[in-house]
Amino acid sequence: IVFYYADHGSGMPRSKRWPYNSGLQVPLVVYIPEKFAVLRPPEYKAGGKSERLVSFVDLAPTMLSLIGVQPPEWMQGHAFLGKSTTEPQPFLHGFRGRMDERLDLVRSVTDGRYVYVRNYMPHLIYGQHLNYMWQTPTTRVWEQLHKEGKLNAVQDKFWNPKPPEELFDLQSDPDEVVNLADSKEHIQIKAKLAMAQSTHAREIRDLGFVPEGERLERSKGSSPYDFGHSAAYVFRLPFMFAEIASHDPSMGSRDDLVSASSIRAMLPRALTEKDPRSELEPSTRYWAALGIQMQGKEVVTKSHEALVSALKDPSAPVRIAAARALGEFGSEADTQAALTLLLAHADWSKNDAFTAMAALDALNALGQKAAPFAAQIKALPTKGPAPDARLKEYIPRMLEELRERFP
């Protein structure tokens, strides 16, 4: 039995590493010889095609099914060949998290025709700088044309913040250019796919809503999977606040999301909440801080006291998120305090790799506001501890980019 497939969509920007169809669709050809015909699915035909939705997460249970082993319930995939073949699944799910030295949080779901994309960090532009992606001439030329103002609205979209929701019709728009998320004619399909995405997140207890360093720290002695399926992970809290934080009130309600005024009141309260459940989930306060930043200057101003208090939060991701919000929208004194904190957290010799990366990313986002600290940035160490060797490449890349910005 022979499987032939690629590892991701096209290697171009907005394809590889993006959970659009352009980034996830790959060829899959399976040959099952006649002597194993009993293992073929009902639709199998030599030289034929199947409309069944299949994902890489389905390969492990399919392998077990082919050798006569019933896939365990905890596997997220579904067998599409063999004695344990399941019914065709209605949806496929996509994920985007860390991409080398940059972080994002995007989830997608498709029914084969429509692709729904949920951007939980819409304040981050599509085209975050990745050393790997900038090695392609396409990316460099595209960025330069953006800087020169020579792109049309569609082409320029990549260099701007993202909407919270996107919806594309692959039948009429295979390049996923026309966002139908606000289309009245597509309300029902958007609602169906949005529900599928949030339901899947709850079912798998999606750990992407926990900051990376916290995720590893809290799973010491076991694994992130074990932590994610334990009582210690109160999933609904960070997930709820991620939904609220990234919500644009103008896009209508979703999962009983609250009004804009309620969001403005809820986020600073959650940031300083002393509820025992909140203490279990510093990631809840992290999303509250992110949400204040995402809502803009007015909410940052109204949440000033809570953000200043959060600069002393026990959780490093919360402190960094609060500093980034104050640095972007606060007063000159706020910016000074924020940059001082970020520089301290960017010191890899004194912090873990995830803390240093988050702080460096915030310094990069603050742009010219960080220029007065150019000398301190240049003095930051390029070596430190990391749970994986690949992480050791990322911080030097981030520092190099900052040093080039502030020669």
Side-chain angles (χ1 to χ4, degrees), residues 8-10 13-26 51-58 76-78 88-97 99 104-126 154 157-158 160-209 235-236 238-257 287 291 294:
H8 53 70
S10 137
R14 200 179 179 272
S15 293
K16 179 182 179 181
R17 302 182 173 198
W18 281 99
Y20 298 109
N21 192 65
S22 58
L24 296 180
Q25 187 176 32
V26 298
E51 295 300 318
R52 180 188 290 259
L53 298 177
V54 174
S55 179
F56 282 128
V57 76
D58 298 324
Q76 294 174 18
H78 301 84
Q89 296 301 303
F91 308 111
L92 294 181
H93 297 272
F95 301 77
R96 172 179 165 92
M99 299 295 156
D104 205 346
L105 203 158
V106 185
R107 299 293 183 258
S108 69
V109 60
T110 181
D111 62 1
R113 175 177 173 177
Y114 291 96
V115 177
Y116 172 79
V117 180
R118 182 67 169 93
N119 294 302
Y120 285 98
M121 295 183 173
H123 61 303
L124 303 178
I125 68 170
Y126 292 92
V154 171
K157 178 181 174 183
F158 190 70
N160 291 279
K162 308 179 287 290
E165 294 180 298
E166 297 175 272
L167 179 69
F168 303 101
D169 182 354
L170 297 177
Q171 192 174 90
S172 62
D173 179 29
D175 294 320
E176 299 164 287
V177 170
V178 181
N179 183 9
L180 302 171
D182 294 328
S183 166
K184 293 181 180 179
E185 291 77 17
H186 296 83
I187 288 176
Q188 291 186 340
I189 183 63
K190 186 181 85 166
K192 183 177 90 169
L193 293 177
M195 180 60 70
Q197 181 265 315
S198 61
T199 297
H200 185 66
R202 291 182 178 95
E203 287 176 347
I204 67 171
R205 296 174 63 80
D206 193 331
L207 276 169
F209 296 92
F235 169 77
R236 67 178 184 84
F239 182 62
M240 178 181 72
F241 274 93
E243 289 277 2
I244 292 171
S246 57
H247 178 60
D248 179 352
S250 67
M251 73 184 189
S253 64
R254 175 172 185 254
D255 281 0
D256 297 321
L257 286 170
W287 280 104
M294 290 183 208

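Just so you know, these numbers come straight off a predicted model, no measurement behind them.
Under a 3.5 Å cut-off, the side chain of R107 and the backbone N or O of N119 do not form any donor-acceptor pair. Not a single donor-acceptor pair under 3.5 Å links the side chain of K190 to the backbone N or O of Y116. With hydrogens and angles disregarded, no donor-acceptor distance shorter than 3.5 Å links the side chain of S10 to the backbone of S15.
R96 and P19 make their closest contact through CB-CD, 3.8 Å (heavy atoms, listed as atom of the first residue, atom of the second, distance). Nearest heavy-atom pair across L105 and G208 is CD1-O, 2.9 Å. Nearest heavy atom pair, residue G9 against residue V26, reads N-CG1, 3.9 Å. Contact between L92 and S55 at its shortest, heavy atoms only, is CD2-CB, 3.7 Å. Looking at every heavy atom in both residues, W287 comes nearest to A245 through O-CB, 3.4 Å. Among all heavy-atom pairs drawn from M121 and M294, the shortest one is CA-CE, 4.1 Å.
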Exercise for the section: Quick one: do V178 and S172 satisfy side-chain contact (heavy atoms from CB on, under 4.5 Å)? Show the steps, please. Expected result: CA-CA 9 Å; V178 181; S172 62; over 6 Å; no
Handout entry: Pair D175-F168, side-chain contact (heavy atoms from CB on, under 4.5 Å): steps then yes or no
Key = CA-CA 9 Å; D175 294 320; F168 303 101; over 6 Å; no
Practice task
Take R118 and S198 through the test side chain to side chain donor-acceptor pair (under 3.5 Å) and record every step on the way to the result.
Solution key: CA-CA 9 Å; R118 182 67 169 93; S198 61; over 6 Å; no
Practice task
List the steps and the verdict of side-chain contact (heavy atoms from CB on, under 4.5 Å) for D104 and W18.
Solution key: CA-CA 10 Å; D104 205 346; W18 281 99; 4.0 Å; yes
Handout entry: Step-by-step side-chain contact (heavy atoms from CB on, under 4.5 Å) determination, F91 to L53
Key = CA-CA 7 Å; F91 308 111; L53 298 177; 5.5 Å; no
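Under the 4.5 Å side-chain criterion, counting only non-hydrogen atoms from C-beta, D173 is not in contact with L180. Looking at Q188 and H186, their side chains never come closer than 4.5 Å, going by heavy atoms from C-beta outward.
Separation of atoms NZ (K192) and OH (Y114) is listed at 9.5 Å; rounding is to 0.5 Å. If you take CE on M240 and CZ on F209, they are separated by 13.0 Å, rounding to the nearest 0.5 Å. Here the CE atom belonging to M99 is positioned 10.0 Å from the NZ atom belonging to K16, to the nearest 0.5 angstrom. To the nearest 0.5 Å, atoms NZ (K157) and CZ (R14) are separated by 6.0 Å. With values rounded to the nearest 0.5 angstrom, D182 atom CG is found 9.5 Å from I187 atom CD1. Here the CG atom belonging to N179 is positioned 12.0 Å from the CG atom belonging to D169, to the nearest 0.5 angstrom.
At a cut-off of 3.5 Å, with distance as the only test, no side-chain donor of E176 or N21 sits close to an acceptor on the other residue.
Relative ring orientation between H200 and H93 is described as parallel, the plane-to-plane angle staying below 30° on a 0-90° scale split at 30° and 60°. Classified by interplanar angle (parallel below 30°, tilted 30° to 60°, perpendicular above 60°), the ring pair Y120/F239 is tilted.
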